[in-house]
Amino acid sequence: MNGIHDLGGMDNFGIINREENEPVFHDDWERQIFALTIAAFPAGYCNVDEMRRTTECIEPAVYLRAKYYQKWLLTLESIVLEKNILTQEELDSGRSIRTEGGNLLPAVPDEMIQYAMSNPVSARVEKEIEAKFQTGDKILAKNLNPLHHTRIPRFIRGKRGEIIQDHGVFLLADTNAHGGQDKPQHVYSVKFTARELWGEEAAAKDTVCIDLHDDYMEHLPN
Amino acid sequence: MSKSSHRDPLSDTQLRVKALESVLLEKGVVKQETLDAIIDNYENKVGPHIGASVVAKAWTDPDFKSRLLENASDTLAEMGLSGIEGTHVEVKENTAELHNMVVCTLCSCYPWTLLGLPPTWYKSTPYRARAVRDPRGILAEFGVKMSENVEVRVWDSNAEIRYLVLPIRPAGSEGLGEDELAELVTRDSMIGTAVVEMN
């Protein structure tokens with residue numbers, strides 16, 4: 001989706017405000033929405049790509065106006081309704097009203113959450129799948145403009161780059177975000193020159209590296 | 001019509017978070033002790049001091065450094081440094097010819113296990129928008145003048161790999177031990193928007 005979240009290369013958002021000795025959270029509600037999101041995740045209600053897809057669907061003007069954790073709140077509210085975990089009345093009242101039906105899973109045991117905060121929780125898929133590209137290959141980032149979730153940002157579409165590393169096999173965010181078919185494939189670090197991306201005025205030596213799935217690229221003659 | 005259709009989507013934030021928490025607790029979808037453990041971990045346990053100790057170790061132990069650059073995920077996992085937003089990690093070394101800098105243009109991906117949760121500026125629209133287009137302008141704003149002879153390489157962590165910058169060890173730090181070195185290493189130097197300097 002060509003949404004407001006896809007910010008790379010845009011201008012005029014103003015200065016980057018830095019806060020000296022910034023606390024991890026600024027308010028209790030930030031702590032709460034962060035913890036609720038992390039705790040609800042592993043129960044199996046949704047995956048990280050579905051969360052990202054939901055955040056990206058926030059109306060653009062609201063997305064830009066929202067504080068960071070307000071986007072988390074909007075996202076989790078949408079997810080609990082979409083997944084039929086809670087009803088709107090329950091969100092409005094803060095009380096459990098629906099006693100039958102609804103998609104409720106038991107809380108994830110404490111130990112599992114503790115484990116996931118300090119042990120590998122792999123997004124990698126342990127499948128032998130052939131890599132379409134090798135290190136050193138020249139590629140073209142496809143000009144994809146899907147209406148669904150994707151992790152190929154606009155600023156590299158149609159640009160030429162070079163494969164510099166193969167990270168192994170991962171799920172494809174595009175389908176994983178929509179509960180769709182499993183399309184595990186290789187993900188690579190791909191290097192683009194700043195001039196390829198931004199034109200001749202960009203610094204001659206500078207580069208941008210980004211991680212791309214097999215489906216996002218096609219071969220160019222070396 | 002439900003009242004939700006009329007309200008500003010950003011109104012009543014505290015009340016709505018409280019409501020969501022109350023009903024999820026009441027239904028047993030989450031447990032209070034789990035929420036407390038999560039907050040405690042990210043507020044009190046993980047943070048840039050972890051990344052700083054990794055950097056200091058890499059500066060003083062060449063074998064560790066080469067394993068870290070070759071396979072950071074396994075090397076860090078052996079040290080108990082892994083988990084959510086930090087299972088697949090790459091460490092990128094700054095040199096006299098190459099300066100690395102990290103962003104997530106699409107959301108806010110960040111190596112939580114090594115740096116804790118990201119600062120607000122890292123998640124802000126101006127940083128996400130500008131980092132890939134004008135990294136030198138950002139570096140200048142952050143007080144780092146980068147020579148034209150140095151390649152500035154921006155890593156957009158748009159997939160499931162998280163990036164940590166291994167900054168250059170500052171001149172004059174030769175006599176310092178690992179703990180003293182770790183004290184010098186700032187969060188921003190591991191994002192790549194700062195360099196490490198002697199105090």
Side-chain angles (χ1 to χ4, degrees), chain A residues 5-10 13-19 22 24-25 29 31-33 35-36 38-40 52 62 64-66 68 70 73-74 76 86 88 90-91 94-96 104 107 110 113-114 116-123 151 153 155 167 170 187 198 203 205-211, chain B residues 2-4 9-10 13-14 16-24 26-31 33-35 37-39 41-43 77 80 82-84 87-88 105-107 116-117 119-121 123-129 132-133 135-136 138 141 148 151-156 158-161:
Chain A
H5 65 286
D6 188 357
L7 290 164
M10 289 177 77
F13 284 113
I15 59 162
I16 299 165
N17 268 318
R18 285 178 288 159
E19 182 183 341
E22 184 180 346
V24 177
F25 299 107
W29 69 265
R31 285 183 187 85
Q32 289 160 347
I33 192 63
L36 285 172
I38 300 299
R52 290 187 184 128
V62 175
L64 292 177
R65 204 156 49 88
Y68 179 72
Q70 284 181 311
L73 170 62
L74 289 167
L76 197 56
L86 304 180
Q88 183 65 54
E90 290 174 323
L91 282 183
R95 288 182 297 111
S96 176
L104 288 183
D110 235 14
I113 302 267
Q114 300 272 11
M117 290 193 291
S118 55
N119 286 277
V121 277
S122 189
R151 295 296 279 186
F155 76 88
H167 293 296
F170 290 80
V187 171
W198 314 115
K205 292 200 169 199
D206 292 357
T207 54
V208 174
C209 292
I210 189 162
D211 296 319
Chain B
S2 80
K3 63 181 177 182
S4 60
L10 299 179
T13 299
Q14 290 186 31
R16 282 158 62 189
V17 172
K18 190 72 208 157
L20 190 52
E21 184 184 64
S22 300
V23 66
L24 287 173
E26 189 182 347
K27 286 186 183 284
V29 172
V30 297
K31 289 190 291 188
E33 60 258 40
T34 309
L35 300 179
I38 291 168
I39 292 166
N41 185 63
Y42 291 103
E43 194 156 34
S82 192
I84 300 165
T87 299
H88 305 289
T105 62
L106 295 176
C107 47
L117 300 181
T120 299
W121 64 259
K123 308 176 286 196
S124 70
T125 46
Y127 183 72
R128 288 166 51 197
V132 287
R133 165 100 174 259
R136 286 172 186 270
I138 292 178
E141 274 180 32
E148 279 183 17
E151 173 188 340
V152 175
R153 182 177 292 182
V154 179
W155 297 86
D156 187 352
N158 62 316
E160 293 305 328
I161 296 100

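Quick caveat, the model's predicted, so the values are computed rather than measured.
- For the atom pair B/L20 CG and A/L76 CG, the distance stands at 5.0 Å (nearest 0.5 Å).
- In terms of non-hydrogen atom pairs under 4.5 Å with chain A, the most contact-rich of B/V29, B/V30, B/L10 is B/L10.
- Residues A/G9 and B/R133 share a closest heavy-atom pair of O-NH1, 2.9 Å.
- Among A/R95, A/H5, A/M10, the residue with the largest count of heavy-atom pairs under 4.5 Å with chain B is A/H5.
- To the nearest 0.5 Å, atom CG of residue B/N41 and atom CD1 of residue A/I113 are 11.0 Å apart.
- Atom CZ of B/R16 is separated from atom CD of A/Q70 by 8.0 Å, given to the nearest 0.5 angstrom.
- Only the side chain of B/A77 comes within contact range of chain A, with heavy atoms under 4.5 Å apart.
- Per-residue heavy-atom pair counts under 4.5 Å with chain A were compared for B/G116, B/G28, B/P135, and the maximum is reached by B/G28.
- Only the side chain of A/R52 comes within less than 4.5 Å of a heavy atom in chain B; its backbone stays farther off.
- With chain B as the partner, the residue from A/A66, A/A39, A/A203, A/S96 showing the most heavy-atom pairs under 4.5 Å is A/S96.
- Heavy-atom minimum distance, A/I210 versus B/D156: CD1-OD2, 3.6 Å.
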Exercise for the section: For the pair B/H88 and A/H167, evaluate side-chain contact (heavy atoms from CB on, under 4.5 Å) and give the outcome as yes or no after the intermediate values. Expected result: CA-CA 9 Å; B/H88 305 289; A/H167 293 296; over 6 Å; no
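- A/I16 contributes atom CD1, which lies 5.5 Å from atom CD of B/E141 (distance to the nearest 0.5 angstrom).
- A pairwise comparison of heavy atoms in B/E148 and A/K205 identifies O-CD, 3.8 Å as the closest pair.
- Options A/R65, A/M117, A/Q32, A/E22 differ in how many heavy-atom pairs under 4.5 Å they form with chain B, and the most are formed by A/M117.
- B/S82 and A/N119 are not linked by any side-chain donor-acceptor pair at a separation below 3.5 angstrom, with hydrogens and angles left out of the test.
- For B/A159 against A/V187, the heavy-atom pair with the smallest separation is CB-CG1, 4.2 Å.
- The shortest heavy-atom contact between A/Q114 and B/A37 is NE2-CB, 3.2 Å.
- Taking CZ of B/R128 as the reference point, atom CG of A/D6 lies at 9.0 Å (rounded to 0.5 Å).
- The main-chain N or O of A/T207 is never found under 3.5 Å from a side-chain atom of B/R153 such that the two would form a donor-acceptor pair.
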Practice task
Run the numbers on A/I38 and B/T34 for side-chain contact (heavy atoms from CB on, under 4.5 Å), then give the verdict.
Solution key: CA-CA 10 Å; A/I38 300 299; B/T34 309; over 6 Å; no
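- Between chain A and the residues B/T105, B/L35, B/L106, the largest count of heavy-atom pairs under 4.5 Å involves B/L106.
- Side chains of A/R18 and B/S124 form no contact here, defined as non-hydrogen atoms less than 4.5 Å apart.
- Only the side chain of B/L117 has a heavy atom closer than 4.5 Å to any heavy atom of chain A.
- Inspection of the B/T120 and A/E19 side chains reveals no N or O donor paired with an N or O acceptor under 3.5 Å.
- Interface check for chain B: of the options A/V24, A/L36, A/I33, A/V62, the most heavy-atom pairs under 4.5 Å are formed by A/L36.
- In terms of heavy atoms, B/P9 sits closest to A/L74 at O-CD2, 3.5 Å.
- For the pair A/D211 (side chain) and B/N158 (backbone), a donor-acceptor distance under 3.5 Å is absent.
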Exercise for the section: Apply the test side-chain contact (heavy atoms from CB on, under 4.5 Å) to residues A/W198 and B/V132: give CA-CA distance (whole Å), side-chain angles for both, the deciding distance (0.1 Å), then the verdict. Expected result: CA-CA 10 Å; A/W198 314 115; B/V132 287; 3.9 Å; yes
Handout entry: side-chain contact (heavy atoms from CB on, under 4.5 Å) between A/E90 and B/L24, intermediate numbers included
Key = CA-CA 10 Å; A/E90 290 174 323; B/L24 287 173; over 6 Å; no
